[in-house]
J.: 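The structure follows.
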Amino acid sequence: MEISDKLMCLFNADVRAEDDRYVVEVPRREIETGSVDPGEVYRVALISREETEESEPEPKQSHTSEPQPPVEIGELRYVEIEDIGKQGDGIARVERGYVIIVPGAEVGERVKVEISEVKSNFAVGEIIEEDF
């Protein structure tokens, strides 16, 4: 799955029925951190949670056309922890579904991390600030 580099924020939300429409709520923290402005119009993409939990990365075909990781060592990122990995570490996803492993984080936490390790298919981020 390809995710645009224009991605502004990523969060989990429920869809609920309200009269003759359906509503996806934007978490308050997205407004407070400046990711989203009330009253503005945004493009919304919905991704099935089952698909993201169970899908395996596509096998890489050629080293010359592989996209580079969207993070660098030392980079600071704000991420939301979506899952817990097999070793108990928090899992966040950023551009193009790239995974950042965050030791000590819990599902639903929004944390500021510093990237300490970068691999082709995942990175490791150390928590700098919790629940901002």
J.: What's the verdict on side-chain contact (heavy atoms from CB on, under 4.5 Å) for Val102 and Ile127, showing C-alpha distance, side-chain angles and the deciding distance?
T.: CA-CA 7 Å; Val102 184; Ile127 297 175; 3.5 Å; yes

J.: Got Val71 and Ile100 here, is their nearest side-chain heavy-atom distance under 4.5 Å?
T.: yes

J.: How many angstroms lie between atom CD of Glu126 and atom CG of Leu76, to the nearest 0.5 angstrom?
T.: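 Interatomic distance, Glu126 CD to Leu76 CG, rounded to 0.5 Å: 12.5 Å.
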
J.: Give, for atom CD of Glu114 and atom CD of Glu75, the distance between the pair rounded to the nearest 0.5 Å.
T.: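 CD of Glu75 is found 10.0 Å from CD of Glu114.
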
J.: CD/Glu117 to CD1/Ile73 distance, rounded to the nearest 0.5 angstrom?
T.: 7.5 Å

J.: Please examine the side chains of Val124 and Pro103, heavy atoms only from C-beta on, and report whether any two atoms are closer than 4.5 Å.
T.: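 Contact flag for Pro103/Val124 side chains = yes.
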
J.: Would you kindly confirm whether Val23 and Val15 end up in one hydrophobic cluster when ILVMFWY residues are joined by side chain heavy atoms under 4.5 Å apart?
T.: no

J.: Can you find a heavy atom in the side chain of Pro69 that is under 4.5 Å from one in the side chain of Lys119?
T.: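 No. Closest side-chain heavy atoms not under 4.5 Å.
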
J.: Quick one: pull up CD in Glu25 and CZ in Arg16 and give me the separation to the nearest 0.5 Å.
T.: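 Going from the CD atom of Glu25 to the CZ atom of Arg16 covers 4.0 Å.
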
J.: Should Arg110 and Tyr78 count as side-chain neighbours, where that means a heavy-atom distance under 4.5 Å?
T.: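 Result yes, sub-4.5 Å side-chain heavy-atom pair found.
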
J.: Determine, using the 4.5 Å side-chain heavy-atom cutoff (strictly less than), whether Val111 and Ile115 are members of one ILVMFWY cluster.
T.: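 Yes, one cluster joins them.
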
J.: Does Ile91 belong to the same Ile/Leu/Val/Met/Phe/Trp/Tyr cluster as Phe122, with side-chain heavy atoms less than 4.5 Å apart forming each link?
T.: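 Yes, Ile91 connects to Phe122 through the hydrophobic network.
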
J.: Kindly give the heavy-atom pair with the smallest separation between Pro70 and Tyr98, and that separation in Å.
T.: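 Shortest heavy-atom separation between Pro70 and Tyr98 comes out as CD-CG, 3.4 Å.
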
J.: In terms of heavy-atom contacts, does CD of Glu72 have more than 12 from other residues, nucleotides or ligands at under 6.0 Å?
T.: no

J.: Considering only NZ, NE, NH1 and NH2 on the basic side and carboxylate oxygens on the acidic side, decide whether Arg77 and Glu95 come within less than 4.0 Å.
T.: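 Yes, Arg77 and Glu95 are salt-bridged.
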
J.: Ile128 and Val113: which non-hydrogen atoms are nearest, and at how many Å?
T.: CG1-C, 3.9 Å

J.: Hey, are the side chains of Glu109 and Glu80 touching, using non-hydrogen atoms and a 4.5 Å cut-off?
T.: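 The answer is no; the side chains never approach within 4.5 Å.
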
J.: Which heavy atom in Ala92 sits nearest to a heavy atom in Ile81, and how many Å separate them?
T.: CB-CD1, 4.2 Å

J.: So Val79 and Val94, do their side chains get closer than 4.5 Å, heavy atoms only?
T.: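 Side-chain contact under 4.5 Å: yes.
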
